[in-house]
Visitor: 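Just dropping this structure here.
On a predicted model such as this, the values are computed, not experimentally measured, just so you know. Just so it is clear, the values below take in all heavy atoms, side chains as well, and ignore hydrogens, waters and symmetry mates. All ligand and atom numbering here is 1-based and tracks the order in the structure.
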Amino acid sequence: MNIKKAVIPAAGFGTRFLPATKSVPKEMMPIVDKPAIQYVIEEAVEAGIEDILIITSRHKKSIEDYFDNEVELDILLDSKNKHEVVEKLKEITNLANIHFIRQKEAKGLGHAIWLAKTFIGNEPFAVILPDDLIYSDTPCLKQMIDQFNKYQSTILGVQRVDEDKVNKYGIISGKQLSEKIFEVDNLVEKPNVENAPSNVAIVGRYIITPEIFDILENLQVGVGGEIQLTDGLLKLLKNQSLYAYLFDGKRYDTGNTKGYLEAVVDYALKREDIREDFLMNLKSVIK
Ligand code: G1P
């Protein structure tokens with residue numbers, strides 16, 4: 001079955017990035033000159049996704065506006081003969097069918113995903129956490145979908161992390177079937193180092209089968225008093241095999257200041273129109 005739908009949870013407050021995120025959604029913070037969320041949407045589109053549901057909240061109206069037409073701006077740009085900019089803006093609104101729903105209470109990632117139940121219906125779907133920006137030759141989500149096509153079951157995108165960071169992630173353990181694939185036998189959300197089953201961490205890419213929705217509907221709150229997707233996946237493991245895939249690519253956690261800065265610098269250096277001047281400036285600063 002083809003994966004055509006994706007869910008992007010973008011309702012969180014962005015408390016790791018205050019004060020900027022007091023009034024600017026973290027998903028709208030620019031990586032060079034594009035909002036972070038646009039990169040993950042482009043990744044989804046490149047992986048063949050056609051319909052995307054973004055879970056927002058009260059303070060995230062600017063995300064909806066960004067994917068809508070801005071008629072006045074188009075008229076102004078046209079009058080100044082900046083037609084190519086108008087075209088570029090149109091491309092953003094036409095990237096995919098983008099849908100929105102609001103999470104009315106901060107009840108956690110599991111609850112946010114549960115809100116996608118009607119949108120998804122009875123088919124496997126992708127989840128992309130927009131804080132996790134992944135640079136790779138083959139889009140990370142495309143790699144994940146290739147694995148889904150092979151295993152026909154839930155696939156979690158994972159990377160190894162330093163032992164002292166396991167308490168920031170959902171951690172899996174399992175039997176390593178090949179260099180890049182584990183058959184999962186346990187998942188723990190944000191364990192202490194002592195209780196962590198491994199250092200293999202879930203990074204924000206998932207392909208999940210629709211059985212997850214009934215599980216999330218009845219799930220008790222977990223770590224942090226929130227309904228955790230990881231806890232739901234642990235229950236799913238009772239009924240189906242789950243696989244974890246060590247994807248290729250460099251991951252940036254753009255939800256915190258350091259990760260964000262790393263992403264901005266690396267992405268600026270990858271841009272041909274910016275690279276030379278930017279590098280010269282960097283070199284003059286780093287002595
Ligand atoms: C979420 C998930 C966690 C996962 C992480 C990846 O946590 O709950 O399992 O490892 O994303 O970024 P959050 O970072 O939203 O606290």
Visitor: Under the 6.0 Å and 45° cation-pi test, does K175 pair with F182?
Guide: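 So K175 doesn't make the cation-pi contact.
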Visitor: Near D132, which atoms of ligand 1 are under 4.0 Å from a heavy atom of that residue?
Guide: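 Once the distances to D132 are compared, the set is 6 (C), 12 (O).
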Visitor: Please identify which atoms of ligand 1 are closer than 4.0 Å to at least one heavy atom of K190.
Guide: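 So the atoms of ligand 1 that pass are 7 (O), 8 (O), 13 (P), 16 (O).
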Visitor: I'd like to know if atom 13 (P) of ligand 1 has any protein heavy atom within a distance of less than 4.0 Å.
Guide: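 There is a protein heavy atom less than 4.0 Å from atom 13 (P) of ligand 1.
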Visitor: Report yes or no: does S198 contribute a side-chain atom to a donor-acceptor pair with the main-chain N or O of S173 at less than 3.5 Å?
Guide: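 Here the side-chain-to-backbone pair does not exist.
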Visitor: Distance to 0.1 Å, residue and atom name: give those for the protein heavy atom nearest to atom 6 (C) of ligand 1.
Guide: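 Residue, atom and distance for the closest contact: I202 O, 3.3 Å.
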Visitor: Do me a favour and list the nearest non-hydrogen protein atom to atom 9 (O) of ligand 1 with residue, atom name and distance?
Guide: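 Here the closest protein heavy atom is E189 OE1, 2.7 Å.
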Visitor: Are K180 and F247 in a cation-pi setup, meaning NZ or CZ lies under 6.0 angstrom from the ring centre and within 45 degrees of the ring axis?
Guide: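 No cation-pi geometry.
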Visitor: Tell me, please: is L129 in heavy-atom contact with ligand 1, that is, under 4.0 Å?
Guide: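 Yes; L129 lies near enough to ligand 1 that a heavy-atom distance drops under 4.0 Å.
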Visitor: Using a strict cut-off of 4.0 Å, indicate which atoms of ligand 1 neighbour a heavy atom of G170.
Guide: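 Within the 4.0 Å cut-off of G170, ligand 1 contributes 3 (C), 4 (C), 9 (O), 10 (O).
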Visitor: What about K168: any of its N or O atoms under 3.5 Å from an N or O on ligand 1?
Guide: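 So ligand 1 has no N or O lying under 3.5 Å from an N or O of K168.
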Visitor: Under 6.0 Å from the six-membered ring centre of Y39 and within 45° of its axis: does the NZ or CZ of K34 meet both?
Guide: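 Output yes; distance and angle both within limits.
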Visitor: Which word best sums up how the rings of Y267 and Y252 line up, parallel for under 30°, tilted for 30 to 60°, or perpendicular for over 60°?
Guide: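 Ring orientation of Y267 relative to Y252: perpendicular.
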Visitor: Less than 4.0 Å is my threshold; does some heavy atom of T230 fall inside it relative to ligand 1?
Guide: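 T230 counts as a contact of ligand 1 under the 4.0 Å cut-off.
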Visitor: Judging by distance only, is a nitrogen or oxygen of L109 under 3.5 angstrom from one on ligand 1?
Guide: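 For ligand 1, there is no N or O atom that lies under 3.5 Å from one belonging to L109.
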Visitor: Do NZ/NE/NH1/NH2 and the carboxylate oxygens of R251 and D132 come within less than 4.0 Å?
Guide: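 Looking at D132 together with R251, the answer is yes, because their closest N to O distance falls below 4.0 Å.
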Visitor: Can you tell me how far CD1 of I37 sits from CD of E42, rounded to the nearest 0.5 angstrom?
Guide: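 Between E42 CD and I37 CD1, I get 11.5 Å after rounding to 0.5 Å.
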